[in-house]
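Because only heavy atoms are used, hydrogens play no part in the values below, and waters and symmetry mates are left out as well, while side chains stay in. These figures come from a predicted structure and were not determined experimentally.
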Amino acid sequence: MVDDENIKTTVSPFAIREGEIKTFDGKDGYVSINQIIHKINLGHISDIHFEILDLVNQYEFITSRQIYQLLKHKGVEIKSQDKLNTRLDQLVKMKIITRYYFTSEEGKGIYRVYCLEKMGKYLLNSKEVECKWQPTDNTKPVSLIKKRLAGNQAILAYMRKSKNFYSFKTKPTFNAKTLGKQFKAHGEVTLKIKDREVCLIFDCIRRETDWENKFLDRIKLYKDFYDNFVPFDSGYAMAPQLILVCEDEKHMVETYRVIVSNKVEINKFKVYFTTDLKQNATSLEKSLMEFSKDEETGKYKANNVEIKILG
């Protein structure tokens, strides 16, 4: 598998492509739970298959590369990406998990996306693992899946590259008190420096149809949360750091323009920006950017921010 820093692409694999659709690449037909139990009894479905199943459940939508990196980080013995792909194929054929790929006018996407099937939920429940999956989850559109994948990648980057990494959540929940709404971010990472914890929240923006208005609705929720924050709101002793994950640097500018032009800046709290591909750097110390206003010209500009604790 190619290391992150050696990936040469200039376009994020999780960017939205025009006319993109989700295409089923799983197993048709019927598989009974008795057939699956027989496979388990024969040892054809082993502990490593359950490790994979647990990750698919935890992350909701996930690529084989992300599964491989997570297994390696956990110290699970998996010899190669090809060996992992063989096990994923076995789980797909037994309808324990399923998979999709994305198709557009540019052709097929270069990766497959894995998610649960009904049999997977049964197996997790038998192990007393919490599983909130329901069949309608697999009907989610391309934009929501790619936001999930981009959020996974941000979590993975900090998990693997930050010496201060402490814990994570895939879908942290927030309350916008004034608007009376509850919403979820796409990822949370907690860094620990001595006895101090720093919480980073990742929200992923994609260039989906009408994305500016959808993002505007979402940033209003964050503004409500931060502008009215008091200790232990949504379970946070201190306000977490919001990081907006965009498709590319031009998209960062477009996203910030939506905030400024609609006057929805968050008071008293900085918002940092990053892109999918910035997570591929060897160190994350310089992966974040912020916007500032030039008082002489009145124009805004993006500045790199160096944050040592991210390294």
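- Geometrically, K146 engages F102 in a cation-pi contact, judged by NZ or CZ lying under 6.0 Å from the ring centre and within 45° of the ring axis.
- With hydrogens and angles disregarded, no donor-acceptor distance shorter than 3.5 Å links the side chain of N267 to the backbone of D227.
- Between F269 and Y226, the angle of the ring planes lies from 30° to 60°, which puts this pair in the tilted group.
- A donor-acceptor contact shorter than 3.5 Å links the side chain of Q81 to the backbone of S64.
- In the hydrophobic cluster analysis, where Ile, Leu, Val, Met, Phe, Trp and Tyr join through side-chain heavy atoms closer than 4.5 angstrom, I45 is grouped together with L55.
- Between F225 and F174, a ring centre-to-centre spacing shorter than 6.0 Å is recorded.
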Check your understanding: For T178 and N228, what are the C-alpha separation, side-chain angles and deciding distance, and is it a side-chain hydrogen bond (donor to acceptor under 3.5 Å, both in side chains)?
Key -> CA-CA 8 Å; T178 305; N228 298 290; 3.3 Å; yes
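- Expressed to the nearest 0.5 Å, how far NZ of K278 lies from OG1 of T275 amounts to 5.0 Å.
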Exercise for review: Show your reasoning for whether salt bridge (charged side-chain N to carboxylate O under 4.0 Å, His left out) applies to E208 and K147.
Suggested key: CA-CA 10 Å; E208 58 192 302; K147 288 174 187 178; 2.6 Å; yes
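- For R206 against A15, the heavy-atom pair with the smallest separation is NH1-N, 4.1 Å.
- Note: Y114 and Y59 fail the aromatic proximity criterion, with ring centroids not under 6.0 Å apart.
- In terms of modelled atom types and a separation under 3.5 Å, the side chain of K223 and the main chain of E265 share a donor-acceptor contact.
- Counting non-hydrogen atoms of neighbouring residues, nucleotides and ligands closer than 6.0 angstrom, the NZ atom of K286 reaches no more than 12 such neighbours.
- At most 12 heavy atoms of other shown residues, nucleotides or ligands fall within 6.0 angstrom of atom NZ in K250.
- In this structure a side-chain-to-backbone donor-acceptor pair under 3.5 Å is missing from H251 to D248.
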Practice item. Please report the C-alpha distance between S104 and E20 in whole Å, then the side-chain angles of each, then the deciding distance to 0.1 Å, and finally whether the side-chain hydrogen bond (donor to acceptor under 3.5 Å, both in side chains) criterion is met. Key: CA-CA 4 Å; S104 71; E20 196 167 32; 5.3 Å; no
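- A distance of 7.0 Å separates NZ of K108 from CG of D25, quoted to the nearest 0.5 Å.
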Practice item. Start with the C-alpha gap between E247 and M252, add the side-chain angles, then the distance that decides, and say whether side-chain contact (heavy atoms from CB on, under 4.5 Å) holds. Key: CA-CA 8 Å; E247 292 188 3; M252 285 196 309; over 6 Å; no
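- Without hydrogens or angle criteria, Q241 side chain to V198 main chain gives no donor-acceptor distance under 3.5 Å.
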Exercise for review: Could you walk me through whether K181 and D224 pass the salt bridge (charged side-chain N to carboxylate O under 4.0 Å, His left out) test, one step at a time?
Suggested key: CA-CA 10 Å; K181 290 186 178 180; D224 187 334; over 6 Å; no
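- Distance CG/L84 to CD1/I67: 6.0 Å, rounded to 0.5 Å.
- Here the closest non-hydrogen pair linking I48 and R87 is CG2-NE, 3.1 Å.
- Remark: L149 CG to D276 CG distance equals 9.5 Å, nearest 0.5 Å.
- One hydrophobic cluster holds both I155 and Y272 under the rule that ILVMFWY side chains link at heavy-atom gaps under 4.5 Å.
- Summarising the geometry of D137 relative to F61, their closest heavy-atom pair is O-CZ, 3.3 Å, with the distance given to 0.1 Å.
- Summarising the local packing, NE2 of H38 is surrounded by 12 or fewer heavy atoms from other residues, nucleotides or ligands at distances under 6.0 Å.
- Here the shortest heavy-atom pairing between S80 and Y68 reads C-CE1, 3.4 Å.
- Here the shortest heavy-atom pairing between E188 and F202 reads N-CD1, 4.4 Å.
- The backbone N or O of P13 lies less than 3.5 Å from a partner atom in the side chain of Y111, making a donor-acceptor pair.
- Outside the 6.0 Å centre-distance limit, the rings of Y158 and Y166 are not counted as a close aromatic pair.
- Taking the six-membered ring for Trp, F232 and Y236 have ring centres at least 6.0 Å apart.
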Point to revise | Residue pair N303, E290: steps toward the side-chain hydrogen bond (donor to acceptor under 3.5 Å, both in side chains) verdict | key: CA-CA 5 Å; N303 306 296; E290 64 178 339; 5.4 Å; no
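- Nearest heavy-atom pair across N213 and D210 is ND2-OD1, 2.8 Å.
- Checked by atom type and distance alone, the side chain of N262 pairs as donor or acceptor with a backbone atom of V258 at under 3.5 Å.
- Aromatic rings of F273 and F291 (six-membered ring for Trp) have centroids within the 6.0 Å cut-off, being under it.
- Around the OH atom of Y122, the shell of radius 6.0 Å holds no more than 12 heavy atoms that belong to other residues, nucleotides or ligands.
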**Study point:** Test log, rule side-chain contact (heavy atoms from CB on, under 4.5 Å), inputs T274 and C246
**Key:** CA-CA 6 Å; T274 190; C246 302; over 6 Å; no
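- A chain of hydrophobic side-chain contacts below 4.5 Å, direct or via other Ile, Leu, Val, Met, Phe, Trp or Tyr residues, connects V56 to V129.
- Considering CD1 of I62 and CZ of R99, their distance stands at 15.0 Å, rounded to 0.5 Å.
- When atom types are taken as modelled, the side chain of T139 and the backbone of T136 share a donor-acceptor pair closer than 3.5 angstrom.
- In this structure, F14 is a member of the same hydrophobic cluster as I110, with clusters built from ILVMFWY side-chain heavy atoms closer than 4.5 Å.
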Check your understanding: Going through the distances and angles, do T98 and L116 end up as a side-chain contact (heavy atoms from CB on, under 4.5 Å)?
Key -> CA-CA 6 Å; T98 193; L116 280 182; over 6 Å; no
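- Crowding of K93 atom NZ: a count of heavy atoms from other residues, nucleotides or ligands under 6.0 Å not exceeding 12.
- Heavy-atom neighbours of K169 NZ from other residues, nucleotides or ligands within 6.0 Å: at or below the threshold of 12.
- With S287 contributing its side chain and S283 its backbone, the two residues share no donor-acceptor pair below 3.5 Å.
- In summary, R17 and E105 do not engage in a salt bridge, as defined by a charged side-chain N under 4.0 Å from a carboxylate O.
- Side-chain atoms of Q90 and H44 include no donor-acceptor pair closer than 3.5 Å.
- R148 places a side-chain N or O within 3.5 Å of a backbone atom of T170 that can act as its donor or acceptor partner.
- Remark: K127 is positioned above the aromatic ring of F50, its terminal NZ or CZ atom under 6.0 angstrom from the ring centre and at most 45 degrees off the axis.
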**Study point:** Derivation of the salt bridge (charged side-chain N to carboxylate O under 4.0 Å, His left out) call for E254 and R207
**Key:** CA-CA 10 Å; E254 294 166 351; R207 286 188 181 101; 3.2 Å; yes
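- Atom NZ of K177 has more than 12 neighbouring heavy atoms from other residues, nucleotides or ligands inside a 6.0 Å radius.
- Following chains of ILVMFWY side-chain contacts shorter than 4.5 Å, one can reach L200 starting from I309, so the two form part of one hydrophobic cluster.
- Shown here is K39, whose NZ atom has no more than 12 heavy atoms of other residues, nucleotides or ligands within 6.0 Å.
- Atom CG of residue N152 and atom CD of residue Q66 lie 4.5 Å apart, to the nearest 0.5 angstrom.
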Check your understanding: Given the rule in the side-chain contact (heavy atoms from CB on, under 4.5 Å) test, do Q134 and K118 qualify, once you have shown the distances and angles that lead to the verdict?
Key -> CA-CA 8 Å; Q134 49 190 355; K118 180 170 62 177; over 6 Å; no
